Amino acid sequence: MNKKDESFFELVYQVVKLIPEGRITTYGTIAKYLGMARSARMVGWAMNNSHKLQTRIPAHRVVNRNGVLTGKFHFDSLLSMQELLEKEGIKIENDKILNFNNYFWDPFKELKIE
DNA sequence: TGGGTGACCATAG
DNA sequence: ACTATGGCCACCC
């Protein structure tokens, strides 16, 4: 791993790490924030890779634009994505986040103003 | 070198 | 409202 890896994987991780507890955001939002609106898939890819990093990435706080936990099968069966979220006070039903808009974290709004 | 594959999204029918 | 499809681009055979 060289410093070339500051590319976009690192950027994705940077953003994901900024998501506060009890909040969630989407792959597409992150992609857009990084200027790759059409490459939301790459954000998912970054998450897939994130499990092997030593740095802990709160990947459970990233869901798809419908608020569905599409990545839950990539988590430990013991500590499921859903459990992690519920532990942070987020209600989930049928793999879908309830009151999605209440918990949605928008990097544009939250990070823009400084 | 090239083709298949995604933890996605927007659009069209 | 739901399904199908194309685009996207890094990564892995």
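Only a predicted model underlies this, so the values are computations on that prediction, with no experimental measurement involved. In what follows, chains are A, B, ... by sequence order, proteins preceding strands, each numbered from 1.
Although no hydrogens or angles enter the test, the distance criterion places a donor-acceptor pair under 3.5 Å between the side chain of N64(A) and the main chain of N66(A).
Spacing between atom NE2 of H74(A) and atom C1' of dC8(B) amounts to 13 Å, rounded to whole angstrom units. A straight line from OH of Y13(A) to C1' of dA7(B) spans 12 Å, rounded to a whole angstrom. The CG-C1' distance, from N66(A) to dA7(B), rounds to 14 Å in whole Å. Distance CH2 (W45(A)) to P (dC8(C)): 18 Å, rounded to an integer number of Å. Rounded to whole Å, the distance from CE on M36(A) to P on dA10(B) is 16 Å. Atom CZ of F9(A) and atom P of dC9(C) are 14 Å apart (whole Å). Between the P atom of dA7(B) and the CD1 atom of I19(A) lies a distance of 18 Å, rounded to the nearest Å. Taking atom OH of Y27(A) as the reference point, atom C1' of dC8(C) lies 17 Å away to the nearest angstrom.
In this structure the side chain of R23(A) never reaches within 4.5 angstrom of the side chain of I90(A), judged on heavy atoms. Residues M47(A) and Y13(A) meet the side-chain proximity criterion, which asks for heavy atoms closer than 4.5 Å.
Within the 4.0 angstrom heavy-atom criterion, base atoms lie near A59(A). The residue F73(A) sits apart from the nucleic acid: no heavy atom pair falls under 4.0 Å.
For the pair R41(A) and dT5(B), the criterion of a side-chain N or O lying under 4.0 Å from OP1 or OP2 is not met. Residue T70(A) places at least one side-chain N or O closer than 4.0 Å to OP1 or OP2 of dC8(B).
Under the side-chain contact (heavy atoms from CB on, under 4.5 Å) rule, V15(A) has a single partner from I30(A), V62(A), V43(A), which is I30(A).
Checking dA7(B), dC9(B), dC11(C) against the side-chain heavy atoms of S50(A) singles out dA7(B) as nearest. Here dC8(C) is the nucleotide among dC9(B), dC8(C), dA7(B) with the atom lying nearest to any side-chain atom of S39(A). For R65(A), counting side-chain heavy atoms from C-beta on, the closest listed nucleotide (dA7(B), dA10(C), dA10(B)) is dA10(B). The side chain of N64(A) sits closest to dC8(B) out of dA10(C), dC8(B), dA7(B).
A donor atom on one side chain and an acceptor atom on the other are not found under 3.5 Å apart for Q82(A) and H60(A).
Near-neighbour residues of DNA chain B inside residues 77-99 of chain A, defined by a heavy atom below 4.0 Å, are absent.
Here the closest heavy-atom approach between residue I92(A) and residue E86(A) is recorded as O-OE2, 4.1 Å.
Comparing K32(A) and H60(A), the nucleotide of DNA chain B nearest to each residue sits closer to the 5' end for H60(A).
F73(A) belongs to no multi-residue hydrophobic cluster, having no ILVMFWY side-chain contact under 4.5 Å with any other such residue.
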